[in-house]
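Keep in mind that what you see is a predicted model, and the values were worked out from it rather than measured.
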Amino acid sequence: MKKDLLKLLDLTGQEINEILDMADQMKYSQKHGIPHDFLRGKTLAMIFEKNSTRTRVSFEVGMYQLGGHALFLSGKESQIGRGEPVEDTARVLSRYCDGIMIRTFAQEEVEELAKHASIPVVNGLTDFCHPCQVLADLMTVREKMTRLEGLKLAFIGDGNNMANSLIVGGLKCGMDVSVACPEGYDPDPRVLDFAKSVTGPKFELVRKPADAVADADVVVTDVWASMGQEGEREARKKAFAGYCVDAELMKLTHPGCMVQHCLPAHKGEEITGEVFEAHADEIFEEAENRLHAQKAVLYLLMRG
Ligand code: CP
Ligand code: NVA
């Protein structure tokens, strides 16, 4: 049966770790010029109904490095934008391609696409989650800290797609996860239910950023207004005042604490330029690791 990557909730901690191990191998192969063109002759269709820099480039370059090909379908310019049913798009693309990556609004659209496609579907971000990004984040943390289990991850800001995936991915990999967000901007209830059901790693949802970052090994933040929420920008600026990762907040963390940001960043809002630049190596390594983590996902799902 074909496999998809729709959300981290569908994966076990062991499966996440297997992807991360494969991602490390992909990175090693690429850095050492070891051939790894395992997807020769295969094509990935990439559907984008939202903007992207990293996701588009890393998937396209990743497919090229694996010996395959990627094609870009913009929501607006394809028939998707004119209302062609997702189940028909799924069946058509399954006749031409070997995999589909989709970035869109509703998680349900991705699940529907996967249901009707006979080829693997990968979620490249929805309003609900961003699994590929969080695989890259976990890979980056594991690389620098040599493990995930027992570390504390703090997320500061909106309970958005990134927060949802970090909670699930972090807990599944044995990390304690602490989230600080203003009332009214909590993570998705399905994710909070999952967090409640976890035994072992600790989860907490707090209102004060200082409470979340106490003794943290990794601090993660993301924009206050995600794609699709542009109209709420001003209201969100007010709601999130004080939810900024700054030097004062970083003083409360564990020594050697990392900072991760999926990018793009709004410096001066969710993170100061000072903290961003102090942790730029980690943040851009995280961006690079999108490539390696996704090559692992593509290989594991599309090798046939
Ligand atoms: N982090 C991330 O997904 O970046 P893009 O929106 O540029 O793809
Ligand atoms: N939360 C952000 C992530 C961008 C990569 C958004 O959805 O716009």
- Query: So Glu285 and Thr140, side chain to side chain donor-acceptor pair (under 3.5 Å) or not? Walk me through it.
  - Reply: CA-CA 7 Å; Glu285 196 71 32; Thr140 313; over 6 Å; no
Give a yes or no on this: more than 12 heavy atoms of other residues, nucleotides or ligands lie within 6.0 Å of atom [atom1] of [X].
| X | atom1 | result |
| --- | --- | --- |
| Lys76 | NZ | no |
| Asp193 | CG | yes |
| Glu230 | CD | yes |
| Lys2 | NZ | yes |
| Glu274 | CD | no |
| Glu149 | CD | no |
| Asp281 | CG | no |

- Task: Check step by step if side-chain contact (heavy atoms from CB on, under 4.5 Å) holds for Leu8 and Val134.
- Result: CA-CA 9 Å; Leu8 295 181; Val134 168; 3.7 Å; yes
- Message: I'd like to know if the side chain of Asn289 reaches the main chain of His292, judged simply by a donor and an acceptor atom lying under 3.5 Å from each other, with no hydrogens or angles considered.
- Response: no
- Task: Return yes if some donor-acceptor pair links the side-chain N/O of His32 with the main-chain N/O of Ile34 below 3.5 Å, else return no.
- Result: no
With a 4.5 Å heavy-atom cut-off, do [X] and [Y] have their side chains touching?
| X | Y | value |
| --- | --- | --- |
| Gln107 | Lys7 | yes |
| Val121 | Glu111 | no |
| His36 | Leu66 | yes |
| Leu166 | Val177 | no |
| Phe128 | Asn123 | no |
| Ile19 | Leu11 | yes |
| Thr272 | Cys244 | yes |
| Phe194 | Leu9 | yes |

Distance from [X] atom [atom1] to [Y] atom [atom2], nearest 0.5 Å?
| X | Y | atom1 | atom2 | result |
| --- | --- | --- | --- | --- |
| Leu151 | Met175 | CG | CE | 5.0 Å |
| Ile80 | Thr89 | CD1 | OG1 | 5.0 Å |
| Met227 | Asn160 | CE | CG | 10.0 Å |
| Lys237 | Glu269 | NZ | CD | 5.0 Å |
| Lys3 | Leu301 | NZ | CG | 7.5 Å |
| Leu93 | Leu73 | CG | CG | 6.5 Å |

- Message: If the test is side chain to side chain donor-acceptor pair (under 3.5 Å), which one of Arg290, Lys295, Gln294 qualifies with Ser58?
- Response: Gln294
- Query: So which of Asn51, Thr55, Thr126 actually passes side chain to side chain donor-acceptor pair (under 3.5 Å) with Arg103?
  - Reply: Thr55
- Message: Run Glu286 and Gln133 through side-chain contact (heavy atoms from CB on, under 4.5 Å) and show every step you take.
- Response: CA-CA 9 Å; Glu286 174 191 11; Gln133 179 67 54; 3.4 Å; yes
- Dump the intermediate steps for salt bridge (Lys or Arg N to Asp or Glu O under 4.0 Å) on Arg142 and Asp137, then the final yes or no. CA-CA 9 Å; Arg142 206 176 72 157; Asp137 295 14; over 6 Å; no
- Message: Just to verify, which of Leu153, Val218, Val219 counts as forming a side chain to side chain contact (heavy atoms under 4.5 Å, CB included) with Met258?
- Response: Val218
- Knowing that exactly one of Cys262, Pro131, Cys132, Pro187 qualifies, which makes a side chain to side chain contact (heavy atoms under 4.5 Å, CB included) with Ser165? Pro131
- Working for salt bridge (Lys or Arg N to Asp or Glu O under 4.0 Å), residues Lys27 and Glu143: CA-CA 11 Å; Lys27 188 167 185 174; Glu143 246 174 9; 2.8 Å; yes
- Query: Do Val61 and Met26 sit in the same hydrophobic cluster, where Ile, Leu, Val, Met, Phe, Trp and Tyr count as joined when their side-chain heavy atoms come under 4.5 Å apart?
  - Reply: no
- Indicate, with yes or no, if the rings of Tyr185 and Phe240 have centres closer together than 6.0 Å. yes
- Note on the structure: Correct closest heavy-atom pair for Ile119 and Asp4 would be O-OD1, 3.9 Å
Could you list the donor-acceptor pairs under 3.5 angstrom formed between side-chain atoms of residues 200-214 and any protein atom two or more places apart in sequence or on another chain?
| residue | atom | partner | partner atom | Å |
| --- | --- | --- | --- | --- |
| Glu204 | OE2 | Ser178 | OG | 2.7 |
| Arg207 | NH1 | Cys181 | O | 2.8 |
| Arg207 | NH1 | Asp186 | OD1 | 2.8 |
| Arg207 | NH2 | Asp186 | OD1 | 3.2 |
| Arg207 | NH2 | Asp186 | OD2 | 3.3 |

- Message: Run Glu49 and Ile102 through side-chain contact (heavy atoms from CB on, under 4.5 Å) and show every step you take.
- Response: CA-CA 8 Å; Glu49 299 192 64; Ile102 177 166; 4.2 Å; yes
- Query: Does the side chain of Glu270 come under 3.5 Å of the side chain of His266 through a donor N or O and an acceptor N or O?
  - Reply: no
- Query: Which is it for Glu248 and Lys251 under the salt bridge (Lys or Arg N to Asp or Glu O under 4.0 Å) test, yes or no, and what are the steps along the way?
  - Reply: CA-CA 5 Å; Glu248 280 305 300; Lys251 280 188 192 151; 2.8 Å; yes
- Query: Is Arg56 close enough and on-axis enough to Phe48, meaning under 6.0 Å and within 45°, for cation-pi?
  - Reply: no
- Message: For a side-chain contact (heavy atoms from CB on, under 4.5 Å) check, start with the C-alpha distance between Met46 and Met63, then their side-chain angles and the critical distance, and finish with the verdict.
- Response: CA-CA 11 Å; Met46 307 189 298; Met63 276 305 289; over 6 Å; no
- Message: Less than 4.0 angstrom from a charged side-chain N to a carboxylate O is my criterion; do Glu277 and Lys267 meet it?
- Response: yes
- Message: Could you check whether Lys50 pairs with Asp127 (Lys NZ or Arg NE/NH1/NH2 to Asp/Glu carboxylate O, under 4.0 Å)?
- Response: yes
